[in-house]
Amino acid sequence: SMHQTLILVDEANATVGYAPRDECHAGDGLLHRAVAVVLVDRTQRILLQHRRSLLWDGFWDLTAATHPLLANGREESCLEAANRCLASEWNIETQLRECFAFTYFERHGASSENEYCVVFTGDYDRPVSPNPQWAYGFRWLPLDVCRKDLGESTSTYTPWAQIALTQMASLRP
């Protein structure tokens, strides 16, 4: 997956070019488009994954996270990327809604995240089983428990999960 071509953007999410994934995450990185997905069950619990990845390995993450790709001369949409990620990481298909977006930068050793992240939510009430290639495990947590957990142990969550869960909390009473 390090051989993927990512979409470089400006602060307004306008495409400004393309670069290999490893270049986008090296050093201070290059600002590129990303997506994250948060699935919620009927009791309003959020599906979190225990992330298995080169970056942020072993951290708690949102349900799914990836990058829209440039492939065959075509930019994948954020929604297409979100659906692709859900299918490969969870074997799940569900209706997704775009919620909000944010730009963030976070160092991680010699690498970094420098992303314009678009967050999608969806409802899902069936049994789940993550692809072991992408996750060590999972848990369902109510949003208020996520917020409490973030306050006590932010270092165990990916930086984009921290931001998204905080922003989601501000959307609800």
Considering all heavy atoms, the nearest [X]-[Y] contact:
{"X": "Trp140", "Y": "Val40", "answer": "CZ3-C, 4.2 Å"}
{"X": "Ala26", "Y": "Ser112", "answer": "O-OG, 4.5 Å"}
{"X": "Pro68", "Y": "Ser77", "answer": "CB-O, 4.2 Å"}
{"X": "Val128", "Y": "Phe138", "answer": "CG2-CE1, 3.4 Å"}
{"X": "Tyr116", "Y": "Ala101", "answer": "OH-CB, 3.5 Å"}
{"X": "Cys146", "Y": "Leu165", "answer": "CB-CD1, 4.3 Å"}

Handout entry: Glu152 CD: over 12 foreign heavy atoms closer than 6.0 Å
Key =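 Yes, because the 6.0 Å sphere around CD of Glu152 holds more than 12 heavy atoms from other groups.
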
Exercise for the section: Tell me, yes or no, whether the heavy-atom count around Asn91 atom CG, taken from other residues, nucleotides or ligands under 6.0 Å, exceeds 12. Expected result: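 It does not: Asn91 CG has 12 such atoms or fewer within range.
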
Problem - Under 3.5 Å donor-acceptor, Gln162 side chain and Tyr157 backbone - result: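 Pair found, side chain donor or acceptor close to backbone of Tyr157.
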
Handout entry: Contacts of Tyr136 that satisfy ring-ring contact (aromatic ring centres under 6.0 Å, His included) - sequence neighbours left out
Key =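 His50.
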
In this structure, would [X] and [Y] fall into the same cluster of hydrophobic residues linked by side-chain contacts under 4.5 Å?
{"X": "Leu30", "Y": "Val9", "value": "no"}
{"X": "Ile46", "Y": "Phe59", "value": "yes"}
{"X": "Val118", "Y": "Leu70", "value": "yes"}
{"X": "Val35", "Y": "Phe100", "value": "no"}
{"X": "Leu143", "Y": "Val145", "value": "yes"}

In Å, rounded to the nearest 0.5 Å, how long is the span from [atom1] of [X] to [atom2] of [Y]?
{"X": "Thr63", "Y": "Leu96", "atom1": "OG1", "atom2": "CG", "answer": "9.5 Å"}
{"X": "Thr166", "Y": "Phe102", "atom1": "OG1", "atom2": "CZ", "answer": "9.5 Å"}
{"X": "His67", "Y": "Cys78", "atom1": "NE2", "atom2": "SG", "answer": "11.0 Å"}
{"X": "Leu39", "Y": "Leu48", "atom1": "CG", "atom2": "CG", "answer": "10.5 Å"}
{"X": "Thr121", "Y": "Leu62", "atom1": "OG1", "atom2": "CG", "answer": "11.5 Å"}
{"X": "Tyr124", "Y": "Asp41", "atom1": "OH", "atom2": "CG", "answer": "12.0 Å"}

Kindly indicate whether the side chain of [X], heavy atoms from C-beta on, has any atom under 4.5 Å from the side chain of [Y].
{"X": "Ile7", "Y": "Tyr18", "result": "yes"}
{"X": "His32", "Y": "Leu8", "result": "yes"}
{"X": "Leu6", "Y": "Leu69", "result": "yes"}
{"X": "Asp28", "Y": "Phe105", "result": "yes"}

Listing request: all salt bridge (charged side-chain N to carboxylate O under 4.0 Å, His left out) pairs with a residue in [range], at least two apart in sequence or in separate chains.
{"range": "residues 48-71", "value": "Arg51-Asp61"}
{"range": "residues 112-122", "value": "none"}
{"range": "residues 85-106", "value": "Arg97-Asp123"}

Exercise for the section: Report the relative orientation of the aromatic rings in Trp160 and Trp56; use parallel for angles under 30°, tilted for 30 to 60°, perpendicular for over 60°. Expected result: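 Rings of Trp160 and Trp56: perpendicular, over 60°.
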
Exercise for the section: Please identify each residue that fulfils salt bridge (Lys or Arg N to Asp or Glu O under 4.0 Å) with Asp10, with sequence neighbours left out. Expected result: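 If we apply the salt bridge (Lys or Arg N to Asp or Glu O under 4.0 Å) test to Asp10, skipping adjacent residues, there are no hits.
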
Handout entry: Listed partners of Glu75 passing salt bridge (Lys or Arg N to Asp or Glu O under 4.0 Å), at least two apart
Key =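 Checked Glu75 against salt bridge (Lys or Arg N to Asp or Glu O under 4.0 Å); matches are Arg33.
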
